[in-house]
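Quick note: numbers below take in every heavy atom, side chains included, and nothing from hydrogens, waters or symmetry partners. These numbers come from a predicted model, not from an experiment.
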Amino acid sequence: MGQFILKTRVYLGKEGLDEILTGVSRAFIVTDKFMHESGMVGYLTEPMEKKGVQYQIFSDVKPDPDIATVTKGIGQLLDFKPQVLFALGGGSSIDAAKAMNWLSVKGGLAEKMSFVAVPTTSGTGSEVTTFAVISDPQKSAKYPLVSEDMLPDAAILDAELVRSVPPATTADTGIDVLTHAIEAFVSTNANDFTDAAAEKAMKLVKANLLKVCKNPNDMEARQKMHDASCLAGIAFSNAGLGLNHGMAHTLGGHFHIPHGRANGILLPYVMAFNAGCHDGLTPVAERYAQIAEVLRLEGPSVRQSAFSVVRTTKQYIHQLHIPNTIEAAGIAREDFEAALDEMAEAAYNDSCTRTNPRACSVEDIKEVFQRAYTGKLI
C-alpha cells in the first residue's frame, strides 16, 4: 500500500519557538556537550527563561549515540516529567531524543509529550523522519529504528544555527542530503510525492552546497541547504533508503567514519552497481537518467545519462574534498579485508537495503565494497 505521511509542523525561523513555548512550564533539552558548553543551547534556554519555563539539559549525547546514552537520558526524562522534549543538535542528538521519547512512551513509562527537533546541521533530515539510528559499540553495529511515532511534532529550521559549521562538516552533511534524495528517488517505494521532494532537494544541493563550502557566511545558501536537508528527509522517510545507507552504517560503525562522509565515499559505486555499469544496463538506469535530466546532465541515451550522473557525482564529491575511496579515507587494506565479510553481511541485513532498486546478494555487496576501496567505478 502506497502512502505519504506528513506530521511535523516546520517553522522557518526562530519565531516559531514563541508559539511552541506558549503554555509550557517544563521542558527537557537533549543535546551534546559542545552545544551546552559553547552556549548555543541558549537558543532555547534564553526564551524559556523569559517565559518562566523550567528546563533540564541532558548533554551527554556523543556521535553515534549508543544504547547506554539513551537509557541514561530516559532515566532523567522520567524524573523531570516535561511537557515538551526538545532535541537540539545534529542527527545524533535528534536520534537520541527520538529513541528516548519513543521508548519511554511506548514502554508506558511516560505520558505523551510534545517533541520538537531543532537541527544544527544541514544533513540528516532527522527532524522530519520516522528513523533513528542507535549504535552498539560492543558489536560495532548501528541499528535503525523505524516508527511513525518517532516523528517530531514540530521542527525549527534556522540557518543561523549552522552558520559556524566548518566547511568539512558542511560537505559531509551536504553529501548526506544528496544521498538521501538520490536513494529516495530510486527506491522501490518511491511515488510522485517523494519524487517531488527528492527532486527539489537535489536541485538545491547542486546549486548551494559548493557555494556554502567556499563561503560559509553565505546565509542564503545555508538556508537553502537546511531546506534541502528537510525535503530529502521527507522523501526518504516515506520512500525509504537503499544499499548505500546499509553499507554506510556498517562502514562507519567499523571504522568510525562520519555518517555523511561514509555515504559520500560509497555513493558513486552503489549508483554504478544499481545502474548496471559493471554487468549490463538495468531498469534502474532509467531512474538515474531522470536524475540526470533534473540536474541538467542528460545525454542522448539512457545509458549515457545514467553514466553521466554517476561520473559527475564522483567528481562532485572530489570537489567537496571528500575521499573518493575507502583507502583514501585512511583505512589500511588488511583492516578492510578483515572486516569485509562482516560488513557485507551487516549491509545485506540492514533494513535500508530492502528498498534498494536492484536486488543484491552478500557477494554483490562485497564487490561494491571492493570497488569503493580501490576506486574502480566502471
Side-chain angles (χ1 to χ4, degrees), residues 5-32 35-36 40-41 43-45 47-48 51 53-61 65 67 69-121 123-134 143-158 161 226 229-231 233-234 236-238:
I5 301 167
L6 292 174
K7 171 188 172 183
T8 309
R9 181 186 292 270
V10 179
Y11 293 94
L12 303 176
K14 190 175 182 177
E15 292 77 12
L17 189 56
D18 186 65
E19 182 174 317
I20 291 168
L21 290 175
T22 299
V24 173
S25 59
R26 297 175 71 81
F28 191 83
I29 301 169
V30 176
T31 190
D32 58 51
M35 298 298 292
H36 192 183
M40 287 187 70
V41 73
Y43 184 90
L44 294 177
T45 60
M48 289 178 185
K51 286 180 170 287
V53 177
Q54 295 181 53
Y55 60 84
Q56 182 168 321
I57 300 170
F58 177 81
S59 60
D60 289 353
V61 179
I67 297 167
T69 301
V70 170
T71 302
K72 183 178 179 181
I74 288 174
Q76 294 188 20
L77 180 72
L78 295 178
D79 287 342
F80 190 70
K81 297 181 176 60
Q83 296 162 291
V84 182
L85 169 62
F86 283 92
L88 176 71
S92 294
S93 293
I94 297 175
D95 279 5
K98 279 181 171 180
M100 292 174 199
N101 181 54
W102 183 59
L103 291 170
S104 60
V105 174
K106 182 180 174 66
L109 303 173
E111 296 285 331
K112 189 179 186 314
M113 64 203 91
S114 182
F115 178 29
V116 181
V118 187
T120 60
T121 60
T124 66
S126 190
E127 69 275 8
V128 287
T129 72
T130 58
F131 299 84
V133 179
I134 303 301
Y143 300 112
L145 306 176
V146 187
S147 172
E148 291 175 26
D149 294 332
M150 277 194 286
L151 275 167
D153 298 293
I156 296 174
L157 299 185
D158 187 350
L161 287 167
H226 224 34
S229 177
C230 188
L231 285 164
I234 290 169
F236 86 75
S237 185
N238 284 275

For Pro65, is there any backbone N or O sitting under 3.5 Å from a side-chain donor or acceptor partner on Ser92?
no
Using a 3.5 Å distance criterion without hydrogens, assess whether the side chain of Asp153 forms a donor-acceptor pair with backbone atoms of Val116.
no
Quick check: are there more than 12 heavy atoms from other residues, nucleotides or ligands sitting under 6.0 Å from NZ of Lys14?
yes
Judged by atom type as modelled, is there a donor-acceptor pair below 3.5 Å linking the side chain of Ser229 to the main-chain atoms of Gly125?
yes
Can we call the ring centroids of Phe86 and Tyr55 under 6.0 Å apart?
no
Say whether, by atom type as modelled, one donor and one acceptor occur between the side chain of Ser104 and the main chain of Ile74 under 3.5 angstrom.
no
Taking all atoms of both residues into account, what is the closest heavy-atom pair of Ala27 and Phe80, and its distance?
O-CE2, 3.3 Å
Short side-chain to backbone donor-acceptor contact, Thr129 and Ser237, under 3.5 Å:
no
salt_bridge(Asp149, Lys106) N-O dist < 4.0 Å
no
Minimal heavy-atom distance between Glu148 and Lys7, with the atoms involved, is O-NZ, 4.3 Å
Gln54 side chain to Arg26 backbone, donor-acceptor under 3.5 Å
no
side-chain hydrogen bond (donor to acceptor under 3.5 Å, both in side chains) between Lys98 and Ser147: does it pass, once the steps are laid out?
CA-CA 10 Å; Lys98 279 181 171 180; Ser147 172; over 6 Å; no
Keeping the roles fixed (side chain from Gln83, backbone from Ser25), state whether a donor-acceptor pair exists under 3.5 Å.
yes
Should Thr120 and Tyr43 be marked as a side-chain contact (heavy atoms from CB on, under 4.5 Å) after you check the CA-CA gap, both sets of side-chain angles, and the distance that decides it?
CA-CA 11 Å; Thr120 60; Tyr43 184 90; over 6 Å; no
